[in-house]
**Q** 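First, the structure itself, so that you have it in front of you.
Just follow the structure's listing: the first ligand is 1, and inside any ligand the first atom is 1. Residues take their numbers from the sequence shown, with the count starting at 1.
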Amino acid sequence: MQHLIDICDLSVAEIDRLIEKSNDIIKHRENYSEKCKGKKLAALFFEPSTRTRLSFEAAMLELGGSVIGFSEANSSSAAKGESVSDTIRTVGCYADIIAMRHPKEGAPLVASMKSSVPIINAGDGGHNHPTQTLADLLTIKREKGRLNDLTVGFCGDLKFGRTVHSLITALSRQNNIRLILISPQELKIPEYMKQEVIERFGMPYEETDSLEKAIPNLDVLYMTRVQRERFFKEADYIRLKDSYILNLSKLAHAKADLSILHPLPRVNEISVEVDDDPRACYFKQVLNGKYIRMALILKLLGVE
Ligand code: CP
């Protein structure tokens, strides 16, 4: 039985096959409408979500399966003090596969150790978000035609942004990726990411606090929100939240074929005027998230 807790649980070849499968699902949706008939997905969300939970649910429904679950910890017996392990052993009696989001880093890993069915990490604290990374990779592949030979800028909250950590990890296994890490001093990429991923795999990178200086060099710009829920002091969040706002005047200095990604939700960091620019890919990224989660469910359930 295979779980997906960290993006490295999938080999590069497995990710390539998921991307191929997603492209086939996009082309031939009708071929997949009954693939998971009789199967159930449990969506256990101990933390808020719009895209991840609903895309998992839509993915399973479009595969002909059904969905159970909860969207907040308070509506489950976690509110009475039940452990993650007991919750997972229970839900494994009702569902064939579980997608789980939890504010505690490592909770999905603990869950996978007790589970009788595949566990998918749908985001754990400020740690990892591997299925968002799959959506990001599918989007980059569809937009640029490749996952290598790219200069990728990550902008915003690189400290707490779990999608940033997972995507850099995935890109570290591709060839010739250059990183430009754009953040305020307080929200720089964590030291463990630098040492254990970026430097370990020899990725060329630079750090800057200037989006204006970085933008002309980028093939992909990955904007992120400042993660309010991870701050200890509200005053720090207020001070940092509008550090970067991408607008059309900044975009005027970017390449004509730049791809702008954002895992969403957006707060203020991309002006809505950018949405109509052909370089804006973030709503395509949302849709790609559903297709690649369909491909992932098929893989983890062993459905051909
Ligand atoms: N990208 C993402 O994880 O969005 P949600 O928090 O809405 O699921």
**Q** For the pair Glu105 and Arg162, find out whether any cationic side-chain nitrogen is under 4.0 Å from an anionic carboxylate oxygen.
**A** no
**Q** Do Pro265 and ligand 1 have an N or O pair less than 3.5 Å apart?
**A**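 Checking ligand 1 against Pro265, no N or O pair falls under 3.5 Å apart.
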**Q** Between Arg53 and ligand 1, does any nitrogen or oxygen pair lie at a separation below 3.5 Å?
**A**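 No.
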**Q** Starting at CZ of Arg200, measure out to CD1 of Ile198 and round the result to the nearest 0.5 Å.
**A** 13.0 Å
**Q** Which residues pass the side chain to side chain contact (heavy atoms under 4.5 Å, CB included) test with Pro190, sequence neighbours left out?
**A**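 Per chain and number, Pro190 pairs via side chain to side chain contact (heavy atoms under 4.5 Å, CB included) with His165, Tyr192, Met193.
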**Q** Which side-chain N or O atoms in residues 113-125 pair as donor and acceptor under 3.5 Å with protein atoms at least two apart or in another chain?
**A**
residue : atom : partner : partner atom : Å
Ser115  : OG   : Val117  : N            : 3.1
Ser115  : OG   : Val117  : O            : 2.6
Asn121  : OD1  : Gly123  : N            : 2.7
Asn121  : OD1  : Asp124  : N            : 3.4
Asn121  : ND2  : Ile5    : O            : 2.9
Asn121  : ND2  : Asp124  : OD1          : 3.0
Asp124  : OD1  : Asn128  : N            : 3.1
Asp124  : OD2  : Gly106  : N            : 2.9
Asp124  : OD2  : His127  : ND1          : 3.0

**Q** Determine, for Glu62 against Lys290, whether the closest basic-nitrogen to carboxylate-oxygen distance falls under 4.0 angstrom.
**A**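 Salt bridge between Glu62 and Lys290, a charged N being under 4.0 Å from a carboxylate O: yes.
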**Q** So, taking the atom named CZ in Phe283 and the one named OG1 in Thr139, what distance separates them when rounded to the nearest 0.5 Å?
**A** 13.0 Å
**Q** Within the structure, is a non-hydrogen atom of Glu47 found at a distance of less than 4.0 Å from ligand 1?
**A** no
**Q** Enumerate the atoms of ligand 1 whose separation from the nearest heavy atom of Thr50 is less than 4.0 angstrom.
**A**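 What qualifies from ligand 1 is 5 (P), 7 (O), 8 (O).
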**Q** Using a 4.0 Å cut-off to any heavy atom of Gln132, which atoms of ligand 1 qualify?
**A**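 Matching atoms, with element in brackets: 1 (N), 2 (C).
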**Q** Under 4.0 Å from a heavy atom of Thr52: give me the atoms of ligand 1 that qualify, with their elements.
**A** 2 (C), 3 (O), 4 (O), 5 (P), 8 (O)
**Q** Which is closest to atom 4 (O) of ligand 1 by heavy-atom distance: Arg225, His262, Arg51, Arg162?
**A** Arg51
**Q** Can you find an N/O atom of Leu264 closer than 3.5 Å to an N/O atom of ligand 1?
**A**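 Between Leu264 and ligand 1, an N or O pair is found under 3.5 Å apart.
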**Q** Once you round to the nearest 0.5 Å, how far does CG of Leu167 lie from NE2 of His129?
**A**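 Output value for this atom pair is 12.0 Å.
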**Q** Write out the residue and atom name of the closest protein heavy atom to atom 6 (O) of ligand 1, then the distance separating them to 0.1 Å.
**A**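 Answer for atom 6 (O) of ligand 1: Arg101 NH1, 2.9 Å.
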